[in-house]
Number of protein chains: 2
Amino acid sequence: MNDKPLDTKTRLLDAAERLFAERGFAAASLRAITAAAGVNLAAVNYHFRSKQALLEAVFARRLDWINRQRLELLAARQARARRRPPPLEDILEAFVGPAFRLRAELGATASSFQRLMGRLFIEPGENLQRILKEQFGGVAARFLPAFEKALPQLPPAELAARIHFMVGAIAHTLAGTNVMKVFLGDRCDVSDAETTIRRLVAFLAAGLRAPCAGRRARRSRS
Amino acid sequence: MNDKPLDTKTRLLDAAERLFAERGFAAASLRAITAAAGVNLAAVNYHFRSKQALLEAVFARRLDWINRQRLELLAARQARARRRPPPLEDILEAFVGPAFRLRAELGATASSFQRLMGRLFIEPGENLQRILKEQFGGVAARFLPAFEKALPQLPPAELAARIHFMVGAIAHTLAGTNVMKVFLGDRCDVSDAETTIRRLVAFLAAGLRAPCAGRRARRSRS
DNA sequence: GTCTATATGGGGATAGAC
DNA sequence: GTCTATCCCCATATAGAC
């Protein structure tokens, strides 16, 4: 709507954020990004070294804020629960909430970063894996033990698998690839962030707490 | 292991399947694919019209079989349950099972198609969306009503959201981007297909059956 | 800091010999 | 059916004028 007089660097970050999210890293060309940003092609190489460095800058700009929020929320919930492990829903809320509240907190332009963040967990490229490790190391170090303590009865391998499923559900929802819109039609209201968070937390909490499936379900007739 | 004398078309399909899965559609070049297949570059344009057509052929080759399996399994479970809706676990098993049993049923070369199938639900490109709609139309038409009947107490919007979460967890697991291996380390044993299926079904069934989260936002439109 | 112009390479697709 | 050679476009990155 409003063309604020943003500097070239910010315009590039905004455009890159949007196009990387929409098309993926390989398919979003610097030509398309600079055109969308309304700046010259050579500006990419002046302000950032390369396309890869631009991508990393896009991630760093948002993830610093998001992951700090996550850690603060988790710490708050843990403090509130005193020495006992906080309820699973609180841990999930602390992890999921900040990622879905980007639009409300940082404005509409930040909302496309949600999709990009979803892709971070999904695309296998060497590029993104390094970013993932660097950016999420601290978060994983605090959240994984919290999950373990909240689900003490779960065998480690089972917990690992369920966390993998959880990441998939979160990443897919963040990525916003409304695959199901084709099949579900208008029943699929993306609605507001808080509703999505509430639904996601309820789903994940139940999944994580599922009774350990009968091992080797022979004759599972159920 | 054994270099069977496969014809060019099959060699191309195998190589494309693997490289599309590993690198994504845009990043897997025809030159890399033909080199991996040990055939000439021009063979792509002789046997298939274009890169896009090659991709569609890769999907069609496996999805015909997989989705037929899904429908047969669902029909069998429904028949066994007579007029009542079959249990949720049976529906999930029918949907998830065939996708994870590719290696056992079709051999090791087919296993990389699992990752490609995961990407199908994740990548937003126009290419894949069309394939998705064509290949999964029949499956969705039978499975969605089955889920509805198995979960009659769930509001449609809530069910739609949970199916979206479910697709995310399945796609991420199929895609095999073991993001969490970085953080979970050796606890993350990919193990065998049957264990993965069992864990996934247990997780999803519990998530889908979760009690409807306390509706804090009683601001429903009407 | 921002532009034009270009270097350099890789991409998909095709023509035409064999 | 398979090959060589090539067309033409687009990619990233950079040099050098302003």
Side-chain angles (χ1 to χ4, degrees), chain A residues 3-61 116 119 123-131, chain B residues 3-61 116 119 123-131:
Chain A
D3 286 281
K4 281 170 281 187
L6 299 169
D7 60 342
T8 301
K9 206 166 177 175
T10 305
R11 294 164 67 92
L12 267 173
L13 285 171
D14 288 342
E17 182 171 81
R18 187 168 61 83
L19 289 178
F20 283 147
E22 287 176 359
R23 309 183 188 178
F25 180 69
S29 69
L30 290 184
R31 288 179 146 83
I33 291 169
T34 50
V39 306
N40 190 272
L41 172 62
V44 173
N45 245 275
Y46 177 79
H47 290 284
F48 311 89
R49 283 194 341 275
S50 63
K51 188 183 181 182
Q52 172 70 23
L54 174 60
L55 179 73
E56 292 175 14
V58 166
F59 274 110
R61 178 170 67 146
L116 189 56
R119 293 198 143 211
E123 293 204 17
E126 185 107 4
N127 315 328
L128 300 177
Q129 293 281 23
R130 211 181 65 240
I131 296 175
Chain B
D3 288 280
K4 282 170 281 187
L6 298 169
D7 60 344
T8 301
K9 206 165 178 176
T10 305
R11 294 163 67 94
L12 268 173
L13 285 171
D14 288 342
E17 183 171 80
R18 186 168 62 83
L19 289 179
F20 282 147
E22 286 176 1
R23 308 182 187 178
F25 179 70
S29 69
L30 290 183
R31 289 179 153 83
I33 290 169
T34 50
V39 305
N40 190 273
L41 172 62
V44 173
N45 246 275
Y46 177 81
H47 289 284
F48 311 88
R49 282 194 340 274
S50 62
K51 188 183 181 182
Q52 172 70 21
L54 173 61
L55 179 73
E56 293 175 13
V58 166
F59 274 110
R61 178 169 67 147
L116 188 56
R119 294 198 143 211
E123 294 204 17
E126 184 107 3
N127 315 328
L128 301 178
Q129 293 281 24
R130 211 181 66 240
I131 296 175

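Order of the sequence lines fixes the chain letters, A, B, ..., with proteins taken first and strands second; residue numbering starts at 1 for each chain. Side chains are part of it too, since the values below use all heavy atoms of this structure and drop only hydrogens, waters and symmetry mates.
The distance between atom OH of Y46(A) and atom P of dA17(D), rounded to the nearest whole Å, is 17 Å. Atom CG of L41(B) is separated from atom P of dA13(C) by 10 Å (rounded to the nearest Å). Rounded to an integer number of Å, the gap from R11(A) CZ to dT2(C) P is 10 Å. Taking atom CG of L30(A) as the reference point, atom C1' of dT8(C) lies 15 Å away to the nearest angstrom. Here the C1' atom of nucleotide dC3(D) and the CG atom of L12(B) are 14 Å apart, to the nearest Å. In this structure, L6(B) places its CG atom 13 Å from P of dT2(D), rounding to the nearest Å.
In this structure, of dT14(D), dT14(C), dG1(C), it is dT14(D) that holds the atom nearest to the side chain of N45(A). When each of dG1(C), dC3(C), dT2(D) is scored by its nearest atom to the side-chain atoms of N40(A), the top-ranked nucleotide is dC3(C).
Remark: the R31(B) side chain and the dG10(C) base include no donor-acceptor N/O pair separated by less than 3.5 Å.
Residues meeting the ring-ring contact (aromatic ring centres under 6.0 Å, His included) test with F59(B), sequence neighbours left out: F113(B).
Residues of residues 47-61 of chain A that place a heavy atom closer than 4.0 Å to DNA chain D, in numerical order, are S50(A), K51(A).
Across all their heavy atoms, I33(A) and A28(A) have their closest contact at CD1-O, 4.3 Å. The two residues R23(B) and R119(B) make their nearest non-hydrogen contact at C-NH1, 3.6 Å. Here the closest heavy-atom approach between residue A21(A) and residue L116(A) is recorded as CB-N, 3.8 Å.
Within the cation-pi definition used here (under 6.0 Å to the ring centroid, within 45° of the axis), K51(A) qualifies as a partner of F25(A).
Position along DNA chain D of the nearest nucleotide to S29(A) versus A42(A) favours S29(A) as the more 5'-ward residue.
Under a cut-off of 6.0 angstrom, the local environment of CZ in R130(B) is crowded, with over 12 non-hydrogen atoms contributed by other residues, nucleotides or ligands.
Listed pair T8(A) / dT2(C) meets the phosphate criterion, a side-chain N or O lying under 4.0 Å from OP1 or OP2.
Between T34(A) and N40(A), the closest side-chain pair of non-hydrogen atoms is not below 4.5 Å.
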